[in-house]
Structure formats: C-alpha cells, structure tokens
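Input: a single structure, listed below in structure tokens.
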2 protein chains.
Amino acid sequence: MQTIEELLEANNIRVTAMRLLIYKFLAQKKVAVTLSDIENAFEKADRTTLYRTIKTFEEKAIVHQIDDGTGITKYALCEKGCNCEIETDLHLHFHCNNCNETICLTDHKIPQIKVPNGFISENVNLVVKGICDKCSGE
Amino acid sequence: MQTIEELLEANNIRVTAMRLLIYKFLAQKKVAVTLSDIENAFEKADRTTLYRTIKTFEEKAIVHQIDDGTGITKYALCEKGCNCEIETDLHLHFHCNNCNETICLTDHKIPQIKVPNGFISENVNLVVKGICDKCSGE
DNA sequence: TAATTCAATGCAAGGGAAGTGCATTATTCG
DNA sequence: CGAATAATGCACTTCCCTTGCATTGAATTA
C-alpha cells in the first residue's frame, strides 16, 4: 500500500500540508468537484492556492479535468484505469440533472466514433446526462 | 424555397432587421460561433441584443447550443436533420484543435451508450476533438 | 547553524463571459 | 392615430478563471 506522501513524491510533487489535505478531499469524494467545492471545504485556504494545486496535480497527471456542460470546470482524481494522459483514452462521464453531480465512469469505455473523411479524431469527450443511481433509486 | 422572413414567422419570431442579419450570419457560417464572434461581426449592435436574439432563436428551436469543451458556449443553426428539440436526438460535434472551430455533424449519429444499472440516460453530449478536413488536407 | 535559494502560499487585481433591470425605441394592433 | 407590447441599448452585477507580486516556508549548501 502506497501512502499519499509516496504517491505525490513518485509524481514529482513536493509534499505540503495543503496538498495532502486537498488530495484526501479529492480521494474521499466519489464525484468530480469544482474549485468552489474545494474552496468551501477549506475556508482557511486561499482560492489561488487551491487553483494552483489542482493545476499542479493536473500537470503531473494525477487529476483530470471534466467539462460536463454546466459551464464550470470540474476535477477528479485519476484512477488506475484512467489513462487520461493518453490521447486515445476515451473518457466517459455521467452528469445527473437532478443532484447536479458528475461521476467518472472509468470502467465504461466509449465505442469507436466514425468521423467524415479528412477528419482526424484525436480525442473524444463524452458526457451522458440523465438521472444517477442514487436519484433514480428513490 | 422559404425566405428567412417566412422561416422566422413560421417559428413565431417577430421579424426585425437585426434578427435577419444575425440569421444570415449564422447561415453563412459553416461552423458553430460564439457570442463574441457575432459581436465582432456586428460592432454596431449591442451585446445584449445579440445575446437575447440567440436566446430567442434557441427557445424557438432554430438554433442549438454546443458545448465543445473550450468553456465558451457556441451556437449553430438547426438544420433539417437536426432534431435537437427531441431529447433522444444524439448530437455529434467536431472540434478542431488546430483552427479551433467547431463543426456540427448532423448526419453522423452517435451509437447507443451503455450506462451502469440504476443510471437513466436522457441526453448525450459528444465532442470529438482532432484535426478537421481543412487543416489536415494541407 | 546560518545563509542562500527556490518553491508554495496569500493578497490583490484584472479579464471574460453570462445574465439582469430599466429606460428608450420600434412595431403591431385596435 | 393612439395604446399596448415587444425589441433594443445602456449600465451594471455576478461568477469563474487567471496572473503579478510580495511573503512565507522548506530545502540545500557553505
């Protein structure tokens, strides 16, 4: 088992108290979060610090960005099955219209998409919108 | 052949000079445009007017909104094959990483996407990113 | 240990896009 | 024509993203 400290160091990210807290917050969350979500969770911290921390995590490929169509960027930890640094990896995200949460479905792959002649597909961003399991089950 | 005036009236949109110009601008553009694009094309007009005109077109279902992941909302005219008022219609858009343009591929349908048990899919937003035909052909 | 260096953090400010309230102008209808 | 309603223009606000710069803190070296 790898500690968070080891994980950060393995990705060339200097370990600080703030970064450990932010990582734990992301890990505990099952859904993708906005910067404001993180901001509300850590009222003591400055927004800029959170912003740059997320950017650092993104550059070091332990976090990836999600655009679910709400207009606000969301972030989620990369998992084992999430090879988002690889361009051909096909992301699938689910956005719930009821609870407004966005979930990363790493084990659901996207089928091959056909594009017209002359077009070169490098990346696919797919967001399915609807009702999530929590909201539909009640 | 239907004139633009007739088309607007058929959709319960009052005909004004501004609206005709904006419609023509959208029709002449092959790609989806941002509000700023329209703003730059009509420097005389106020941004609010353009904003509300697009909103009106959207409500009357002659324009649809596209979220291509750039963070800026884009708009495109609905065509015959574009039944975007129907929730089950599957939009497919192509975003060129080179020229930064977004194209509406109405004749390319999206395959059925499987979601986990308990999830209800209502809508699918799919953006393929890569190089468009113009940029790849040179 | 003390001094130096570089990264992380915090504060302030700016920019862009979306959206709203209200007055003014234009259009439609009686 | 005159009244009512819609469209337009102006001003302003909010929200999110981003950057510059000063300060703090950690690590490295003499």
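Order of the sequence lines sets the chain letters (A, B, ...), proteins ahead of strands, with each chain counted from 1. Side chains are part of it too, since the values below use all heavy atoms of this structure and drop only hydrogens, waters and symmetry mates. Note that the coordinates shown come from a computational prediction; the quantities given were computed from them, not determined experimentally.
- Residues Ile13(A) and Lys74(B) each lie close to DNA chain C; by heavy-atom proximity, the contact nearer the 5' end of the strand is made by Ile13(A).
- As rounded to whole Å, 5 Å separates atom C1' of dG10(C) from atom CG of Asp46(A).
- A donor-acceptor pair is defined here as one N or O able to donate and one able to accept, closer than 3.5 Å; such a pair exists between the side chain of Ser136(B) and the backbone of Gly118(A).
- Atom CG in Asn40(B) sits roughly 13 Å away from atom C1' in dA17(C) (whole-Å rounding).
- At distances below 3.5 Å, not a single donor-acceptor pair connects side-chain atoms of Ser121(B) with backbone N or O atoms of Gly130(A).
- Nearest to the side chain of Thr53(A), among dT8(D), dC16(D), dT9(C), sits dT9(C).
- In this structure, Lys55(A) reaches the dT18(D) phosphate: one of its side-chain N or O atoms is under 4.0 Å from OP1 or OP2.
- When heavy atoms are screened at a 4.0 angstrom cut-off, Thr73(B) is found touching the sugar-phosphate backbone but no base atom.
- The CD1 atom of Ile54(A) sits 15 Å away from the C1' atom of dT18(D) (whole-angstrom rounding).
- One can place CG of Leu21(A) at 14 Å from C1' of dT9(C), the figure rounded to the nearest angstrom.
- When ring centroids are compared, Phe57(A) and Tyr75(A) stay outside the 6.0 Å threshold.
- Checking side-chain atoms of Asp68(B) against main-chain N and O of Thr70(B) turns up a donor-acceptor pair under 3.5 Å.
- Taking atom CD1 of Ile72(B) as the reference point, atom P of dA17(C) lies 5 Å away to the nearest angstrom.
- When atom types are taken as modelled, the side chain of Thr34(B) and the backbone of Asp37(B) share a donor-acceptor pair closer than 3.5 angstrom.
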Query - Sugar-phosphate or base contact per nucleotide [nucleotides 20-30 of chain C; S, B, -; heavy atom under 4.0 Å] - result: BBB--------
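- Here Thr34(B) lies out of heavy-atom contact (under 4.0 Å) with every strand.
- Taking atom CG of Leu50(B) as the reference point, atom P of dG19(C) lies 15 Å away to the nearest angstrom.
- Residue Leu35(B) contributes atom CG, which lies 6 Å from atom P of dA18(C) at whole-angstrom precision.
- Under the 3.5 Å distance criterion, the side-chain polar atoms of Arg47(B) are left unmatched by any main-chain donor or acceptor of Glu39(B).
- Note that NZ of Lys74(B) is 13.0 Å distant from CG of Leu35(B), once rounded to the nearest 0.5 Å.
- Arg19(A) has its CZ atom 11 Å from the P atom of dA7(C), to the nearest Å.
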